[in-house]
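Below, read A as the first sequence line, B as the second, and so on, with proteins coming before strands; counting in each chain starts at 1. Just the heavy atoms: all of them, side chains too, but no hydrogens, waters or symmetry mates, feed the values below.
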Protein chains: 2
Amino acid sequence: MVSKLEMTGDELDSRARDVLRAIILQHVATGEPISSRSLSKCGQFQLSPASLRNVMADLEDLGYLAQPHTSAGRVPTDRGYRFFIDHLMKSHALSRRDRETIDGEVANAGEIEQILHLASSVISKLSDQIGVVFMPTLLQFTIRSMDFVLISETRIMCVIVGTNGVVVNRIVDTRQTFQREELEKIGRYITAEFSGMTLDGIRRRLIRMTEDERALHDQMLQKTITLGIEAVNDVAPVEHELFVEGAASILTKPEFADANALRRTFLALQEKEKLIEILNTFLSEDGLQILIGSESDFTQVHNFSIVARRYGSSSAPLGMVGIIGPMRMEYARMAPLVDYLGLALTRKIEEQEQDR
Amino acid sequence: MVSKLEMTGDELDSRARDVLRAIILQHVATGEPISSRSLSKCGQFQLSPASLRNVMADLEDLGYLAQPHTSAGRVPTDRGYRFFIDHLMKSHALSRRDRETIDGEVANAGEIEQILHLASSVISKLSDQIGVVFMPTLLQFTIRSMDFVLISETRIMCVIVGTNGVVVNRIVDTRQTFQREELEKIGRYITAEFSGMTLDGIRRRLIRMTEDERALHDQMLQKTITLGIEAVNDVAPVEHELFVEGAASILTKPEFADANALRRTFLALQEKEKLIEILNTFLSEDGLQILIGSESDFTQVHNFSIVARRYGSSSAPLGMVGIIGPMRMEYARMAPLVDYLGLALTRKIEEQEQDR
DNA sequence: AGTTAGCACTCTCACGACGAGAGTGTCAAG
DNA sequence: CTTGACACTCTCGTCGTGAGAGTGCTAACT
């Protein structure tokens, strides 16, 4: 019945918009359903509760508000939050403290995994929500260099540096034995020969090379090829990394007062595939993304919202960073937080990219 | 009033012991307080409920059982569990499936961190409790080799292999620029010069070398020293790694039916220092360790137990592996699980140690 | 027209009473 | 020493009740 309404923001007059905004702000602050009386008392409107009730009834008809039960106040629906975010919200400026905290954490981090880990934990702490950082597949990842370090005669650590500054390392267990000097040579060769290619491309070319005439005779080349293939094969399975931090932060939120809600939530967070799927669809979108309640499978069940943003250079987006929390959250504070963290990460990564 | 009793297991006659064992087994299975009637009905005893009540009253006086309230059955106390574990428990043989699962997971893992991560997750899955694996400080860690890989001109990955096969790698950001060949030379030099020493020892010696006459003139040596110090300094802060896996497994246990217990538990798991402290004290003990309820700060508050065991060669214990769960757990099944995982880890690590 | 006071209505929630059920302790008889 | 019997106690679910909160509606007011 409300489906034919376009979300242009035009179907609400200025007063209705003010009321909706006030209700959402107040409800986010208190967690309680908002009554006409408390709204009237807050002083923002020179109207009696009865008048406000009329406005609220209209907003309910339009699907922006709902009543938990007849004699309770109103609560925003996901549709209400959506309207708020699209048309009513005024993002807070990011506090200097927060900005400095983010900058500090990001600056201190070295390796990509550490950066992402710190990012998820800092956003979780600052937002008091669950922090998520997602780094998608490395298959399209182009390499700058590849080096091999002798761990023991048959165990080799392979260090791959991407053109975007990301460093990946894995240990492979070979059946052959290697010398230090051999590995140095192999590293130089592979770096020279394959830099700029994707892992997948490298693997395919190496496999083609095995059939090459020369490889049959040159023992050194043969060793290089098998080691290279093993190294790339071993990295490829790392299809994505998902950092979820601060799940305990939701423990104190009133929407999780009962044990079942908690249980369901933790179990949902366990299975990360769904989350990855959602974040993946966002990966093609630019700018801040907000997903509310029923708008996706994941957020629907638990009345969650996701505020997330792409990071990494726009030419090669690297992943998503954001927060997950109950639908009732301070979007006006979350939005700039997530946005800034995304920017900071992007900047950091571009710096590393320069730094060649 | 019971404190003067020695825990020799002598103060209970054979019948009392049987009753205590039966009560614990039944309570662990059901989670309910055990009544004299249900005990009589189970057929193990040819006694009436009234007689069993007498025995149970005695066990309660001795502090092995307790009643949640007057008209409830009996529940084992931590003292009761302790007696059970020390004198009554018959450990189940480890099922073949479990043994194979553990062997499989451990065999597949490569790097130490991956091994420990898998270990904590496999033990969590098999036990349906929270899995913990703890690796203590690396400061006493002696090195076999040290290599440096060029990430970018000023960022160097440092790969340290311990004599126990453990591989640690960190990226350091230097102010100087390095060439590939330089790094290879530095790696060879440091490996030759310092292998067998502890990280701490290396650092001290490097610092002493800065004051050395030669270092002032030999630019290469100077670069080596500063890089070496930075590498070691960067690794040293990693004082311990604690893997806690499967916290969600306790969600379904009846002792966490109410939200507060859940909340408290998750918050307790958040602060890992306490846990590390406890595991650290166990590090000097050989064999399986079981800590019950009030026996430690950590387990006391939440009615938890810890079943843990040292792993790593006995000459150089590497860390602790174990599970955390409610006091009411199947000790007879947990004990061999943890024990076997500890053995498997030790074996794996010794293999890697050989493999030089 | 829009606004407001008043009022009846509905729903939740905290409180207390109550009875069924479960388990115990005890005592006297076997 | 064992056991049947019985009174006692405590928990827990159910039901009823009344206070409180908030609404919708209507009629009067501006």
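Between B:Arg15 and D:dT2, a side-chain N or O to OP1/OP2 separation shorter than 4.0 Å is present. Of the side-chain N and O atoms in A:Arg37, none sit less than 4.0 angstrom from OP1 or OP2 of C:dA5. Between D:dT3 and B:Ser51, a contact under 4.0 Å exists linking OP1 or OP2 to a side-chain N or O. Checking the phosphate oxygens (OP1, OP2) of C:dG25, a side-chain nitrogen or oxygen of B:Arg74 falls inside 4.0 Å. Under 4.0 angstrom from either OP1 or OP2 of D:dT2 there lies no side-chain N or O belonging to B:Gln46.
Electrostatic pairing of A:Arg21 and A:Asp18 counts as a salt bridge here, judged by a charged N lying under 4.0 Å from a carboxylate O.
Across B:Asp128 and B:Lys253, no two heavy atoms sit closer than the pair O-NZ, 3.0 Å.
You'll find that the side chain of B:Ser48 is closest to D:dT3, out of D:dG24, D:dC10, D:dT3. You'll find that the side chain of B:Ala50 is closest to D:dG4, out of D:dG4, D:dG24, D:dA21. Proximity note for B:Met56 (side chain, C-beta onward) versus C:dT24, D:dT23, C:dT4: the nearest is C:dT24.
Rounded to whole Å, atom P of C:dC27 lies 13 Å from atom CZ of B:Arg53. Remark: P of D:dC1 and CG of B:Leu52 are 16 Å apart, rounded to the nearest angstrom. Rounded to a whole Å, the CD1 atom of A:Ile34 is 14 Å from the C1' atom of D:dA21. Atom CD in A:Glu32 sits about 18 Å away from atom P in D:dG20, given to the nearest Å. Atom NE2 of A:His69 and atom C1' of C:dC13 are 9 Å apart (whole Å). When rounded to the nearest whole Å, the span between CD of A:Gln67 and P of D:dA21 equals 17 Å. Protein atom CG of B:Leu65 is 15 Å distant from nucleotide atom P of C:dG23, rounded to whole Å. The distance between atom CG of B:Leu47 and atom C1' of D:dG4, rounded to the nearest whole Å, is 14 Å.
Heavy-atom distances to DNA chain C give each of B:Asn54 and B:Gly73 a nearest nucleotide, and the one nearer the 5′ end belongs to B:Gly73. The residue among B:Ser71 and A:Ala72 whose nearest nucleotide of DNA chain D is located toward the 5' end is B:Ser71.
Below the 3.5 angstrom threshold, one finds no donor paired with an acceptor across the side chain of A:Thr70 and the base of C:dC11.
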**OP:** Could you please spell out the steps behind the side-chain hydrogen bond (donor to acceptor under 3.5 Å, both in side chains) verdict for B:Ser48 and B:Ser51?
**Re:** CA-CA 5 Å; B:Ser48 72; B:Ser51 308; 3.2 Å; yes
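The pairing partner recorded for C:dA1 is none, the criterion being a Watson-Crick or G-U wobble arrangement whose two distances lie under 3.5 angstrom. Searching all strands for a Watson-Crick or G-U wobble partner of D:dT2 with both distances below 3.5 Å returns C:dA29.
Using a 4.5 Å heavy-atom cutoff, the side chains of A:Phe298 and A:Leu291 are not in contact.
Here the CZ atom belonging to B:Arg74 is positioned 10.0 Å from the OG atom belonging to B:Ser35, to the nearest 0.5 angstrom.
Heavy atoms of A:Ser35 sit under 4.0 angstrom from primed sugar atoms or phosphate atoms, though from no base atom.
Within a 6.0 Å sphere centred on NZ of A:Lys125, heavy atoms belonging to other residues, nucleotides or ligands number 12 at most.
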